[in-house]
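A quick write-up on the structure given underneath.
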Amino acid sequence: MSSQEQLLEGLNGPQRDAVTHSGSPLLIVAGAGSGKTRVLTHRIAHLMAERGVRPGEILAITFTNKAAAEMKERIEALLGTRAANTMWTMTFHSACVRILRREAHRLGYPSSFTIYDAADSQRLMQLVCKELDLDPKRFPPRSFSFQVSNLKNELVDYDTFSEQAQTEQEKKLAEAYRLYQRRLHEAGAMDFDDLIMITVNLFQMFPDVTEYYRRRFRHVMVDEYQDTNHAQYVFVRELVGAAEDSDTSVVPPAELCVVGDADQSIYAFRGATIRNILEFERDFPNARTILLEQNYRSTQNILSAANTVIDRNEGRPAKNLWSEQGEGPKIIGYVADNEHDEAAFVVGEIDRLTDEGVVRPGQVAVFYRTNAQSRVFEDVFIRTGLPYKIVGGVRFYERKEIRDILAYLRVLANPEDTVSLRRILNVPKRGIGARAEESVELLAARERISFAGALRRVDEAPGLATRSAKAIRNFTALLDELAEAVPGSTPAEIVETVLSRTGYLSELAESKDLQDESRVENLEEFVDLAREFEHTFATLLQDEADLEGEENQGIDPGEPTLVDFLERIALVADTDQIPDEDDEGGVVTLMTLHAAKGLEFPAVFLSGMEDGVFPHTRTLGDKTQLEEERRLAYVGITRAQERLYVSRAAVRSAWGTPSYNPASRFLDEVPSSLVDWRRAESTLAAPPSRTIGGRPGGGSGGFGSTFGGGRAKAAKEAPALSVGDLVNHDSFGMGRVELVDGAGDRTKARIDFGADIGEKDLLVKYAPIEKL
DNA sequence: GCAAGCGAACTTTTT
DNA sequence: GTTCGCTTGC
């Protein structure tokens with residue numbers, strides 16, 4: 001058998017086409033479970049084996065480190081370690097950082113620039129808003145931070161934005177954006193969005209840079225293309241080079257291959273545009289599209305459910321997943337009285353399945369819409385003694401103590417990093433309070449120097465107590481002492497030095513607070529992590545240095561530096577999140593639907609299938625958002641290989657008070673013939689406020705919306721509102737209706753609650769309002 | 001300068 | 001119900 005045949009063996013027709021296609025841009029529309037990663041890796045192998053492409057000429061971009069790691073692993077299995085390590089298989093952000101470390105000096109950034117995560121950039125925005133004297137009630141820094149992020153995703157810089165700013169809000173935002181960006185630059189820092197935007201800017205401002213990378217990457221592949229935002233799209237376009245530029249540009253366009261599925265786009269809320277995948281053929285003329293519709297993951301029952309649900313979304317290109325796996329068991333439904341009963345049912349069922357040997361714990365996943373829902377499950381899992389793991393929630397690197405130490409490391413790597421510097425100024429407590437900080441800030445502003453610079457000139461700080469000045473001098477002396485230890489030390493050694501010399505560890509050790517004990521443990525884990533990093537990273541650096549040869553001259557590849565370590569942490573979230581299905585049968589995985597994307601499990605429990613929970617309340621009034629929720633449902637359903645459970649609770653306490661939620665509309669959208677209801681309705685007594693006779697469940701059509709005892713709150717009669725009406729809201733108080741929009745359950749009203757609260761768009765049916 | 005205490009928020013979030 | 005962040009009071 002030829003190597004070509006070997007590569008194509010076991011692939012279906014469209015998959016083969018996708019692997020062997022050459023020349024024009026290629027869009028692979030890959031339905032859930034259609035073997036997309038396989039196609040991508042085989043395509044890479046094919047490029048190398050049959051078309052003589054060198055691994056260094058390939059750039060494969062993914063969204064998550066998890067996906068990148070998986071692809072790399074598979075490439076390694078197919079092509080060996082060297083090929084896997086020399087090829088760029090990484091996330092958008094990692095690729096951009098690589099480019100920026102090399103080129104950012106052209107824009108006045110140090111090559112060791114700091115990467116600010118969402119929390120850092122929010123903190124900086126807070127400082128900026130304070131500096132601009134903005135009323136946090138009217139101009140919330142959080143919202144500004146969010147909006148600036150959106151602007152950057154759209155590649156709108158502050159100059160462009162200030163030109164079009166009309167309202168006061170926009171003008172203030174433009175001001176904040178400008179100052180925020182200036183502060184970032186001064187601190188030698190970039191936020192996540194900058195990584196993409198500034199790389200694009202570089203490409204557009206320096207043709208020689210673009211040319212360099214175009215020469216280098218002759219094959220660009222992008223996974224999860226439906227999740228790209230505008231900036232990422234432009235990045236890809238710049239890198240590949242447009243066909244129409246080919247007569248002007250020295251380098252012909254690279255070969256582009258993108259993979260995606262518009263139905264699995266669940267990140268529009270953070271700027272992803274399905275547009276990019278829907279308009280691929282327009283963006284890249286001559287493009288070819290290949291559809292992968294055969295699903296190798298799930299049984300037909302599960303796929304049929306997924307298909308009918310997603311079919312409700314309008315304007316999606318036709319696509320129908322099919323499977324050869326047979327019908328499989330029916331979907332099992334359960335209506336619980338409350339969230340505790342729901343969890344008890346789920347865990348009981350898992351217990352039964354594992355006892356009977358149908359599945360091992362590691363083959364089971366429980367999904368929910370919001371992280372808050374995990375609590376109840378955790379309680380029941382603990383009581384039952386079933387092994388489980390919650391994915392997501394509070395992340396390791398987001399813990400206070402880890403962030404504190406990270407701030408020290410960042411200041412050591414980049415002394416101008418103001419946000420980090422200010423974080424550690426008085427941590428551990430050393431008598432530098434808000435007053436002193438303000439005074440230093442004033443000095444910095446007056447002398448037009450950085451905060452770090454002003455710290456060094458405390459004696460000139462206006463109105464600073466001698467005691468504070470002394471504390472600051474001690475602090476800078478401490479920083480100098482730490483900085484001396486940096487050269488010649490490994491990241492792990494630096495971490496240990498910081499922990500001991502700053503007194504951080506001893507402060508925690510002396511504390512009686514129970515939480516501080518686990519903090520110490522976390523810090524110990526962090527040291528271990530640093531050590532592990534040193535080992536794994538050293539090998540990788542060596543491989544890259546071998547390949548890139550002359551290109552890396554002058555850069556010592558041997559030892560991973562502090563900057564390498566920090567970059568790793570900034571770009572790679574928790575590594576061991578998803579449990580492996582291993583030795584002892586593994587553990588049950590609990591996670592949000594968002595976290596579930598890209599995974600598969602033999603048995604899946606979709607919990608909290610209630611209108612108001614999933615779809616989430618905040619999306620009910622907005623068609624676009626509701627469609628995204630529906631895609632989320634589609635993603636959830638298609639994670640299941642053999643067994644799918646759907647459950648809901650009639651009553652669920654949210655924020656202390658019970659809320660009665662009707663069945664999720666997504667349940668109604670599943671054909672009732674596919675579902676076997678273990679319990680179709682709640683026997684719960686009617687809530688005190690009102691009673692509506694229940695219908696029997698499980699009948700033809702919308703079985704999901706039945707609700708035994710009655711309904712309340714969520715299903716109350718919506719007051720008929722018209723413009724001018726006065727209403728009373730449970731928490732906002734009196735308001736006046738300004739606008740009414742939509743019909744039926746989706747009627748929205750804009751209500752003005754006066755100067756303090758302002759206008760709110762509320763969904764009449766769900767809002768706790770009464771007409772006066 | 002610091003700690004306790006109160007009030008507001010509270011989807012999802014690969015980087 | 002909880003957490004986080006800010007304000008108040010010592």
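Everything numeric here is computed off the predicted structure, so don't read it as measured data. Computed over heavy atoms, backbone and side chain alike; hydrogens, waters and symmetry mates excluded. So you know, we letter chains A, B, ... as the sequences are listed, proteins then strands, and number each from 1.
A:Asp193 comes within 4.0 angstrom of nothing in the nucleic acid, heavy atoms only. Using a 4.0 Å heavy-atom cutoff across all strands shown, A:Ala67 reaches no nucleic acid atom at all. When heavy atoms are screened at a 4.0 angstrom cut-off, A:Thr62 is found touching no nucleic acid atom at all. Here A:Phe92 lies out of heavy-atom contact (under 4.0 Å) with every strand.
Evaluation of the ring-ring contact (aromatic ring centres under 6.0 Å, His included) rule for A:Tyr225 yields A:Phe280 as partners, not counting sequence neighbours.
Side-chain proximity of A:Arg142 to B:dC10, C:dT2, B:dT12: nearest is B:dC10. Set against C:dC6, B:dT11, B:dT14, the side chain of A:Thr64 has B:dT14 as its closest nucleotide. Out of C:dC6, C:dT2, B:dG1, the shortest distance to the side chain of A:Gln126 is found at C:dC6. Taking only side-chain atoms of A:Asp227, from C-beta outward, the nucleotide of B:dT15, B:dT14, B:dT12 with the closest atom is B:dT14.
In this structure, A:Glu224 atom CD and B:dT13 atom P are separated by 15 Å, rounded to whole Å. Between the CE atom of A:Met71 and the C1' atom of B:dT14 there is a distance of 14 Å, rounded to whole Å. If you take CZ of A:Arg375 and C1' of C:dG1, they are 8 Å apart, rounded to a whole angstrom. Computed from coordinates, the A:Ile61 CD1 to B:dT14 P distance equals 19 Å when rounded to whole Å. With rounding to whole Å, A:Asp611 atom CG is found 15 Å from B:dT11 atom C1'. Going from atom CG of A:Leu195 over to atom P of B:dT14 covers 15 Å, rounded to whole Å. At whole-Å resolution of the value, CG in A:Asn229 and P in B:dT13 are 18 Å apart. One atom, NZ of A:Lys400, and another, C1' of C:dG5, lie 13 Å apart when rounded to the nearest Å.
Between A:Ser468 and B:dG1 there is a side-chain N or O to OP1 or OP2 distance below 4.0 Å. Look at A:Thr592 and you'll find a side-chain N or O under 4.0 angstrom from OP1 or OP2 of B:dT13. For B:dC10, the OP1/OP2 oxygens have no side-chain nitrogen or oxygen of A:Asn371 closer than 4.0 Å. Listed pair A:Asn65 / B:dT15 meets the phosphate criterion, a side-chain N or O lying under 4.0 Å from OP1 or OP2.
Shown for residues 420-430 of chain A: residues whose heavy atoms fall under 4.0 angstrom of DNA chain B, namely A:Asn426, A:Lys429.
The residue among A:Glu629 and A:Gly433 whose nearest nucleotide of DNA chain B lies closer to the 5′ end is A:Gly433.
By the stacking rule of 5.5 Å between ring centres and under 30° between planes, A:Phe269 stacks on the base of B:dT12. Aromatic stacking is not marked for A:His594 over B:dT12, as the cut-offs of 5.5 Å for the centres and 30° for the planes do not both hold.
Checked against the 6.0 Å centroid criterion, the rings of A:Phe269 and A:His594 qualify as a close aromatic pair. For A:Phe666 and A:Phe614, the distance between ring centers is under 6.0 angstrom. Checked against a 6.0 Å centroid threshold, the rings of A:Phe63 and A:Phe92 count as neighbours.
For B:dT11, the glycosidic angle deviates from 0 by 90° or less, giving a syn base.
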### Derivation of the salt bridge (Lys or Arg N to Asp or Glu O under 4.0 Å) call for A:Arg665 and A:Asp611
CA-CA 6 Å; A:Arg665 63 196 64 198; A:Asp611 258 29; 2.6 Å; yes
### Task
Quick one: do A:Phe203 and A:Phe235 satisfy ring-ring contact (aromatic ring centres under 6.0 Å, His included)? Show the steps, please.
CA-CA 8 Å; A:Phe203 282 165; A:Phe235 168 76; 5.8 Å; yes
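You won't find any donor-acceptor pair under 3.5 Å spanning the side chain of A:Arg369 and the base of B:dT11, going by distance alone. Between the side chain of A:Arg270 and the base of B:dT14, no donor-acceptor pair under 3.5 Å is found.
Atom OG of A:Ser420 sits about 5.0 Å away from atom OH of A:Tyr116, to the nearest 0.5 Å. Within the model, atoms CE of A:Met609 and CG of A:Asn661 stand 12.5 Å from one another, a figure rounded to the nearest 0.5 Å.
Applying the salt bridge (charged side-chain N to carboxylate O under 4.0 Å, His left out) test to pairs two or more places apart or on separate chains, those with a residue in residues 221-230 of chain A are A:Lys36-A:Asp223, A:Lys36-A:Glu224, A:Glu224-A:Lys597, A:Asp227-A:Lys597.
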